[in-house]
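Quick note: numbers below take in every heavy atom, side chains included, and nothing from hydrogens, waters or symmetry partners. Residue numbers start from 1 in every chain, and the chains themselves are labelled A, B, ... in the order their sequence lines are given, proteins ahead of strands.
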Amino acid sequence: MTRLSEYLLPTEREAPADAEALSHRLMVRAGLVRQLGAGLWTWLPAGWRVHRKIEALIRAEMEAIGAQEVLMPVLGPAEPWRRTGRYDIPELFKLRDRREAELVLAMTHEEIVTYHAAQLIRSYRDLPLSLYHFQVKERDEPRPRAGVLRTREFIMKDAYSFDRDEAGMNSTYERFVGAYDRIMERTGLRWYRVQSDVGMMGGLGAHEYMAPCAAGENEIALAPGYAANVEVASAQARPASPDAERAAPEEVSTPGLTRVEEVAQLLGVHPSALLKAYPVVRAAAGEGALEGPALWLALVRGDHRVNEVKLARALGGPVRPARPEEIEAQIGPVGFIGPVDPRSGDVRIVLDQAVPAGCYVTGANRPGAHLRGVRPGRDFQHISADIRMVQEGDTVAGHPIVIERAIEVANIFKLGVRYSTPLEASYLDEDGRAKPLWMASYGIGPARIAAAAVEQLADERGISWPRALAPFAIHLVSLGRPGSEERAAAEDLYERICASEALRAEHIDVLYDDRDLGTGEKLTVAELLGCPLRLTVGRRALQRGEVEVQVRRGLLEGAPLPLSLEGEELVRALRERWQEAP
RNA sequence: CGGGACGUGGCGCAGUCUGGUAGCGCACCCGGCUGGGGGCCGGGCGGUCGCCGGUUCAAAUCCGGCCGUCCCGACCA
């Protein structure tokens, strides 16, 4: 219960000049957050209320599945990070204390929780166990951006589960999926759970929770019954139109034509009759890496694009684009490279699966020339893999996919023994043998949920919070000059609402604008801040003995409330309006 | 890491090219009016012009270095 005359809500008429994203602009303008430095944000009182509401919602669902809340430090020894091989991640903040001991600032807490698990979990009787905390994460981001959407310091709720074996891990994972689905549902956001890449976490499988919005940094492929990050998405490509059959490759002159469209136009063929060659070097021959030379030529249809994440997976390790001098030395002139007779015999070829059998146009490895009638398998040897980026119009189970921009608000991973093995976190099983703990981790970012809600639901007047996230349920506005009847009536109503234990218990909280400001300013601020319900006490309604009710979403005028309501009646009326609000 | 832009009061900006009194709108403070859409009038407070160095009689302005912020790309649990 809060009087705006005493509350820090520094609203601004204009957004900072460097604010681009909608959520960035509106969250600053509405007085929710202020910036300290690149990717460093202070949450002001109203913004922090939003954050805490999201935390409360997440906490409730964590407790409901039996996860136990703890708190682990942000600052910690470097040693566990060295053991898991994550010390060299560039995003990890590293520092030394006065005795020159190496420390890191945690970017997630796998190493730390596993260190404890190694000591605390002894027996299969201790399992399964799930721990979680809300704690600051520190990341030396190459590029913080878009207000609180991508920051260097942020609070994450991260949970970690420990099980006896893979089956146990899988079933715990499913319980968390259920909890996360319920969390997302309760936020009131539009969201998708998508298959995702395991990324730097390593592990056996992962999902991301994505909230579609313009400021999002990811793209997701969607079809009925299908949702995946484009990094890993697979779909049926539209049919290709291969080049005419030829008994052997035939060179054609294409001087200066290095782009697919140019070559296709000159030869009068569809872009899908070309094979685009993308040379990469497999950076590290890690575990599972395919044998052979480091230089690979990835071939996809001319109307497709290579997906580096999928390519890396197909080749069993991280890849980087080949440098021009590597291309010149080992394959052919940049712009005209192809799979047939590269300069070096050490080039291996991976062909995308969406290339149907047939003849294609490829670079000739000679300047200003292409080959027609190149048939994979006959004219060059290759392996096959799904290495292309899906695109709109591809189909999954017959349904065309669409691609939407989205912000990743949560990310969950099956870690397996990725961390327990190097950190020697094991338990004694019934058979008396030590076995590694099977782990999974579950992260979710309240700040991103808040920003995504702003992005998805704002209109030209400002923010429109969903009920579960709103800093206050009700924004009570008094109009009229100080000392007027309207002011007195508003004051009286505010006191009655504050006096209600029931409303407090149900978290139907009120922000009361009792400031001595003009009508326009008060109403504009209310719409900018975006509490779901606005109660307005002005002369018009007062003459009828009523309070005006406005639903923020859509700026809908609700039926007015009688001013005379008291006690249980008042509670019932407000509760009813609250529960009807979006 | 590559490319681009910017740094002048709390916010938004002008002034910089062509060196010479630091300015505007909003916000803020005081007084008055107004009181259903950031209203009006009058009077005020507030800025080492990001930092350091140089050139000059004189630097927000010219030169050099550094720092910071934003955008695009690379990168990103």
Side-chain angles (χ1 to χ4, degrees), chain A residues 8 10-21 24-25 28-29 31 34-41 44 81 84 86 89-92 106-111 137-147 149-152 154 156 158 160 196-203 206-209 215 217-218 229 231 308-309 318 320-321 407-413 415 418-419 440-445 448 461-462 477-487 513 515-529 534 536-543 548 550 555 557:
Chain A
L8 180 62
T11 57
E12 295 289 345
R13 190 191 291 259
E14 294 179 86
D18 55 21
E20 194 98 341
H24 184 182
R25 300 173 64 82
V28 173
R29 285 228 294 136
R34 279 292 162 103
Q35 184 170 20
L36 173 66
L40 300 171
W41 290 84
L44 298 175
W81 296 77
T84 60
R86 294 213 301 173
I89 292 175
E91 281 75 20
L92 186 66
M107 51 192 298
T108 66
H109 280 74
E110 279 79 6
E111 279 79 359
K137 306 294 173 228
E138 304 283 352
R139 295 184 186 181
D140 193 356
E141 288 288 348
R143 184 150 106 79
R145 59 176 291 277
L149 232 34
R150 182 162 214 91
T151 55
R152 292 195 291 179
F154 61 98
M156 177 193 272
D158 41 327
Y160 305 89
S196 69
D197 184 48
V198 293
M200 75 164 139
M201 303 297 301
H207 289 90
E208 290 166 335
Y209 286 80
E217 298 181 295
N218 295 92
N229 192 312
E231 288 177 353
E308 281 198 38
V309 172
R320 63 165 171 82
I407 179 71
E408 172 191 332
V409 295
N411 205 333
I412 60 181
F413 300 88
L415 300 173
R418 162 77 178 81
Y419 293 88
S441 74
Y442 316 88
I444 187 165
R448 283 191 170 180
R461 303 278 187 100
V477 177
S478 66
L479 303 181
R481 64 173 75 197
S484 63
E485 268 183 69
E486 302 95 288
R487 291 299 190 97
D513 192 348
R515 297 175 299 177
D516 182 15
L517 296 175
T519 304
E521 188 163 355
K522 285 187 169 184
L523 298 181
T524 305
V525 166
E527 282 156 4
L528 176 60
L529 181 60
R534 188 182 85 199
T536 314
V537 184
R539 185 165 26 81
R540 277 193 327 230
L542 186 62
Q543 284 168 350
E548 289 168 35
Q550 187 206 55
L555 300 169
E557 194 74 19

Sugar-phosphate only, base, or nothing, as touched by A/Val525 at under 4.0 Å among non-hydrogen atoms: base

Sugar-phosphate, base or nothing in reach of A/Ala146, heavy atoms under 4.0 Å: sugar-phosphate

Atom-to-atom span, CZ of A/Arg150 to P of B/G73 - whole angstrom: 13 Å

Watson-Crick or G-U wobble mate for B/C17, both contacts under 3.5 Å: none

Polar pair under 3.5 Å, donor/acceptor by atom type, side chain A/Arg145, base B/C71: no

Contacts of type side-chain hydrogen bond (donor to acceptor under 3.5 Å, both in side chains), residue A/Arg461, not counting sequence neighbours: A/Glu527

Proximity to the side chain of A/Arg143 - top-ranked nucleotide from B/G73, B/G36, B/C75: B/G73

Atom-pair distance (CZ on A/Arg29; P on B/C26), nearest Å: 17 Å

C1' spacing across the pair B/G39 / B/G25, given as an integer number of angstrom: 16 Å

Worked check of side chain to side chain donor-acceptor pair (under 3.5 Å) between A/Glu486 and A/Ser478: CA-CA 7 Å; A/Glu486 302 95 288; A/Ser478 66; over 6 Å; no

B/G38 phosphate, OP1 or OP2, under 4.0 Å from A/Arg13 side-chain N/O: no

Base partner of B/C11, which must satisfy Watson-Crick or wobble distances under 3.5 Å: B/G25

Sugar-phosphate only, base, or nothing, as touched by A/Phe154 at under 4.0 Å among non-hydrogen atoms: base

Would you tabulate the nitrogen or oxygen pairs shorter than 3.5 Å linking the protein to nucleotides 10-13 of chain B?
residue, atom, partner, partner atom, Å
B/C11, O2', A/Glu14, O, 3.4
B/G12, OP1, A/Ala17, N, 2.6
B/G12, O2', A/Glu14, OE1, 3.0

Any-strand Watson-Crick or G-U partner of B/G2, both distances under 3.5 Å: B/C72

Distance in angstrom units between A/Arg152 CZ and B/C70 C1', rounded: 13 Å

